[in-house]
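Scroll down for the structure; my scribbles are underneath it.
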Amino acid sequence: MEENNQQSNNNTQNRNQNKNNHNKRNNNPNQKQQNQGQNRPKKRKGPPKFSAKLGNQNWEIAIKDAIKANKKVRADTLSTFNNIKSSNASIKITPLGGLGEIGGNFMIMETNTSAIIIDIGMSFPNENMHGVDILVPDFSYIKKIKDKIEGIIITHAHEDHIGAVPYFFKQFKFPIYATPLPLGMLSNKFDEHGLKKDKSYFRPVLKRKIYTIGEFEIEWIHVTHSIIDASSLAITTDAGTIIHTGDFKIDHTPIDGQPTDLHRFAHYGEKGVLLLMSDSTNSYKEGITKSESTVGPTFDRIFSNAKGRVIMSTFSSNIHRVYQAISHGVKYNRKVCVIGRSMERNLDIAMELGYINLDRRIFIDPHEVNKFDDKDILIVTTGSQGETMSALYRMATDEHRHIKIKPTDQIIISAKAIPGNEASVSRVLNFLIKAGASVAYQDFSEIHVSGHAAMEEQKLMMRLVKPKFFMPVHGEYNHIYKHAQTAITCGINPRNIYLMSDGDQIEISQRSLKKVATVKTGKTYIDNQINKQIDDDVVIDRQNLADAGIVMLVVQIDEQSKKLIGKPVVRTYGIVADRKDKAFTKEMEDLLDHFLINAKPEQLQDQKGIENTLRQVIRKHIFRTFKKYPTIVPTVFLM
């Protein structure tokens, strides 16, 4: 009790002493003036500094001020594009491939005096393009601006981004700027196309380093995708910074431990970004795209249960998928046989450049497969898209030299059909199942994961970059439309969004985003077996032959009597069944007799003229009968 009383007395003395000191300071005018001069707060922007001595009314004012100030802070944070240095400069952007389609990515970015090309990719033909293996973009526009092109900028090594480069280099030659893996894969392509000397145009780049290329400053930013060493681009121009994501997803646990470099996107987002062009391929997929690492446990489950050979097929460029399959093969003491030229080539490049580390002693050649027990074999092969010339297709149809499908085989198709390839994939699946093999395809969870960002990843990209303008890229029109709707939910002004199509030339400045011209686009047909172009009219003829058939006839005509000499020789393909050939020949003979009766004498003096006339007569007759316009090939001899 005494201790408490003593403590109370001490507290009372302290309070009195503090009160006396306070009164002394207030009663000394000079001291008060000096203190005011020393402690006067500096003027500052933003909300007022809170004080514990504010009364209730002052607290209410301070809170309202803080709410108002915080709203401004958040608004400024979301509109960092206002930080862009004011400029009247503009940039023209022209997609010549990759919009309104899957693949064929090819884009031009230009000022009045300088231009760069972003990717030169191939695409796949449809079922009506008979004998065509790949499609490459039309390069007509390049002829108009070739004098100001500073270089080719490559985002990553997928075929739909680099597959047309060798065909481009046969007409034009510019420096190629890319990270090591794309250049390594292009090196092999140049060897195949007889362009070894042109590898002198290769310019390896480092990520997170800025390169000045013409009037553009470009930084390659690391992103995760279904191929190693993929990049986005930060392109700084006088008009402002443009972010081109390339193909990407945001994988936080990638196989190589190198996640998407979100910090660089945030860095540019804080500085201010004029335009974001972002991958739209998975714009309908909700949530996030699963990590590549999720495929591993599925592989482990399949390998642990497989009693015979395991045959795994995927995209040859998906090195991490191939690496996971091989790692599980090694885990279960299997020798590895890699079949398919592109698969072998890409794996060799990845190993040589140090992207993956595998002991070469685990590999065997196809002719050695039968020397080992089936349970000790893993075959990694091409053909996940059902390509008729691929190794898997030839195995499935019993046409491969070394590998025949067995009922004990476990097949893994670790890929999803590219739009347009569904029928081909289904065909090879049918062959494999008829051969008795077990097939793991889409019915297995996590046997394949996409390399493209789903909606939540697309949103994250927008929130990091915070662009003023937005143009979705890569995909069919419905994909970019859906991506635009997602952008609007993320606060991007609908008036600042433009949905491009191939050939649209867009001009962007700090004030506006608008279409200013239309540029010629198209596709060139390629026979990949000989690496040469197929002329358009050849493909058109093939389409017509497949659709309507052909009629060939050989006729001898007596000019004087205007009658046939002998019977005409008629051959048809795709018009009538073989058993009806005689009836059709008689029908043509009657048609010719009737034509000759009504023919004018001068018509029978011009062989080419009468052939053209006969072609029209027969074409009209066949259309009336069969509703088709076949190819007519008449050969007339005037006697």
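- Between the side chain of T518 and the main chain of D504, no donor-acceptor pair closer than 3.5 Å is present.
- With hydrogens and angles left out, the side-chain atoms of S342 and T382 include no donor and acceptor closer than 3.5 Å.
- At most 12 heavy atoms of other shown residues, nucleotides or ligands fall within 6.0 angstrom of atom CD1 in I288.
- For F106 and F139, the gap between ring centers is short of 6.0 Å.
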Handout entry: Criterion side chain to side chain contact (heavy atoms under 4.5 Å, CB included) on L274 and T241, from CA distance to verdict
Key = CA-CA 5 Å; L274 180 66; T241 297; 5.8 Å; no

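- Salt bridge present: K523 and E101 bring a charged side-chain N and a carboxylate O closer than 4.0 Å.
- Between R341 and E344 no salt bridge is recorded (no basic side-chain N to carboxylate O distance below 4.0 Å).
- Checked against the 6.0 Å centroid criterion, the rings of H448 and Y441 do not qualify as a close aromatic pair.
- When all heavy atoms of T294 and T298 are compared, the closest pair comes out as O-OG1, 3.9 Å.
- Taking the six-membered ring where tryptophan is involved, the planes of Y481 and Y477 are essentially parallel, since the angle between them stays under 30° and well short of 60°.
- Between the side chain of H156 and the backbone N or O of I228, no donor-acceptor pair lies under 3.5 Å.
- Under the 3.5 Å distance criterion, the side-chain polar atoms of K271 are left unmatched by any main-chain donor or acceptor of N83.
- Close placement of the H474 and H161 rings is indicated, their centers lying within 6.0 Å of each other.
- When the shell of 6.0 Å around NZ of K173 is examined, it contains more than 12 heavy atoms from other residues, nucleotides or ligands.
- Heavy-atom minimum distance, M462 versus P467: O-CD, 3.8 Å.
- Atom NZ of K290 sits in a sparse spot, with 12 or fewer heavy atoms from other residues, nucleotides or ligands closer than 6.0 Å.
- Legend: residues meeting side-chain hydrogen bond (donor to acceptor under 3.5 Å, both in side chains) with S123, ordered by chain and number and at least two apart, are absent.
- The list of side-chain hydrogen bond (donor to acceptor under 3.5 Å, both in side chains) pairs with a residue in residues 460-469, not counting sequence neighbours, reads E270-K466.
- Between W220 and Y177, the ring planes are tilted. Angles from 30° to 60° get that label.
- No donor-acceptor distance shorter than 3.5 angstrom exists from the side chain of H158 to the backbone of D160, with no hydrogens or angles considered.
- Without hydrogens or angle criteria, E110 side chain to K92 main chain gives no donor-acceptor distance under 3.5 Å.
- Between the CD1 atom of I356 and the OG atom of S327 there is a distance of 8.0 Å, given to the nearest 0.5 Å.
- For E457 and K285, the salt-bridge test fails: no basic side-chain N is under 4.0 Å from an acidic carboxylate O.
- Applying the salt bridge (Lys or Arg N to Asp or Glu O under 4.0 Å) rule to pairs touching residues 202-214 yields K207-D229, R208-D261, sequence neighbours excluded.
- The one candidate from H483, H479, H225 that meets the ring pair (Phe, Tyr, Trp, His ring centres under 6.0 Å) condition with H452 is H225.
- Two rings, from Y201 and F169, have their centers less than 6.0 Å apart.
- Taking the charged nitrogens against the carboxylate oxygens, K199 and D191 do have a contact shorter than 4.0 Å, which makes a salt bridge.
- Distance check: D247 CG to S226 OG gives 7.5 Å after rounding to the nearest 0.5 Å.
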